Amino acid sequence: MPSTQTQIADFTFDNCLMNAAGVACMTIGELEEVKHSAAGTFVTKTATLEARAGNPEPRYHNVPLGSINSMGLPNQGLNYYLDYLLDLQEKEPNRTFFLSLVGMSPDETHQILHQVEESDFKGLIELNLSCPNVPGKPQIAYDFDTTEQLLRQVFSYFTKPLGIKLPPYFDIVHFDQAAEIFNQFPLRFVNCVNSVGNGLYIEDEKVVIKPKNGFGGIGGEYIKPTALANVHAFYQRLKPEIQIIGTGGVLTGRDAFEHILCGASMVQVGTTLQKEGVAAFERITKELQAIMAEKGYERLEDFRGKLQYLN
Ligand code: RRO
């Protein structure tokens, strides 16, 4: 049986599949379900300093080719997730989990990161620079000056293993500019991609979610080509110490295989997990292993990043 084991930073995971932040990770009950599934680890819902109710409902809608959401960063607040992770670290010292976070302002982001730095948390931290859904707050990573300044300040004090969750970019020049910034910092990973921001889905002449008159982040089948392009663009441009997590359009083992072929070391499942539940992890893992077996690949390193071009 081919192995789907992987590493991020210095941590090993039995499986390369996990949830994408935002799905099945708001409460301890949901996180426990992912933990007990075939997933290799989990990431928590992006935490702000204080708990947030988020945007008015309906704010998530499944559609045939994916999903649209404008959740508005609802979460239980940093201490809820951090206390749970600290407890888990005592009970399961051999597993590593991800804490996702961002402040509602740069000051709040620093306050949160200082608290995490000073805590006993030993896992991985994902700083979300790409929430598309808080009215009046643009996606941080679309503003390169702000992003560079934020990362410079963060790495003046933060020493724990940190990566960033990115929005999709759509221009080669933007891949170049973003990579030039990220390569200046001791980031351990970039996660490509968050939802494709501010799409609009219509049914019976009406939008399907209430916030922002229906505008919301698009996930699922729609976004796989964009996700793969971002994974591969950053795999080509980033220094090897910055690993890639691939997220977007993973419905099947073949989709996960393609993310890894483009350079991903870990693959996250969002919309499919929301639609299918945690059974998706075992199914997609088996499908990935069947593809690997058919091709004679025994481990992910046998094909990671080895996308072929036409000469
Ligand atoms: O909570 C959200 O509305 C949300 C977030 Br923070 C995010 O990063 N991506 C997304 O699609 N929704």
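When a residue number appears, it is its place in the shown sequence, counting from 1. Indexing begins at 1, ligand by ligand and atom by atom, following the structure's order. Since this is a predicted model, take the numbers as computed values, not measurements.
Judged purely by distance below 3.5 Å, without hydrogens or angles, the side chains of H110 and Y157 pair a donor atom with an acceptor atom. For the 3.5 Å distance criterion, the side chains of N128 and S100 fail to qualify, holding no donor opposite an acceptor. Under 3.5 Å, the side chains of D120 and Q89 contain no donor-acceptor pair of N or O atoms. Side-chain contact annotation: Q268 with N191, donor-acceptor N/O pair under 3.5 Å present. Side-chain atoms of N69 and N133 form a donor-acceptor pair, as typed in the model, at a separation below 3.5 Å. Side-chain contact annotation: N62 with T271, donor-acceptor N/O pair under 3.5 Å absent.
Judged by the shortest distance from any of its heavy atoms, P74 lies inside the 4.0 Å radius around the atoms of ligand 1. The closest approach between any non-hydrogen atom of G22 and ligand 1 is not below 4.0 Å.
At under 3.5 Å, not a single nitrogen or oxygen of P132, backbone or side chain, sits near a nitrogen or oxygen of ligand 1. Among the atoms of G217, none of the N or O lies under 3.5 angstrom from an N or O of ligand 1. By the 3.5 Å distance cut-off applied to N or O atoms, S195 is counted among the residues near ligand 1. At under 3.5 Å, a nitrogen or oxygen of M71, whether backbone or side chain, sits near a nitrogen or oxygen of ligand 1.
When each atom of ligand 1 is checked for a heavy atom of L73 under 4.0 Å away, the hits are 1 (O), 2 (C), 3 (O), 6 (Br). Using a 4.0 Å cut-off to heavy atoms of N69, the atoms of ligand 1 that qualify are 2 (C), 3 (O), 4 (C), 10 (C), 11 (O), 12 (N).
Among protein heavy atoms, atom 9 (N) of ligand 1 sits closest to N194 OD1, 2.8 Å. If you check which protein heavy atom lies closest to atom 4 (C) of ligand 1, you get N133 ND2, 3.7 Å.
Heavy atoms of V134 found under 4.0 angstrom from ligand 1: none, in either backbone or side chain. Residue contacts with ligand 1, taken as heavy atom pairs separated by less than 4.0 Å, involve K45 solely via side-chain atoms from C-beta onward. When non-hydrogen atoms are compared, ligand 1 lies under 4.0 Å from neither the backbone nor the side chain of N55.
Relative to atom 6 (Br) of ligand 1, the option among S67, A21, C131 with the closest non-hydrogen atom is C131.
Minimum interatomic distance between G66 and Y222 (heavy atoms only, all atoms of both residues): N-CE1, 4.1 Å.
Checked against a 6.0 Å centroid threshold, the rings of F11 and F97 do not count as neighbours. The six-membered or imidazole ring of Y169 lies near that of F144, with a centre-to-centre distance under 6.0 Å.
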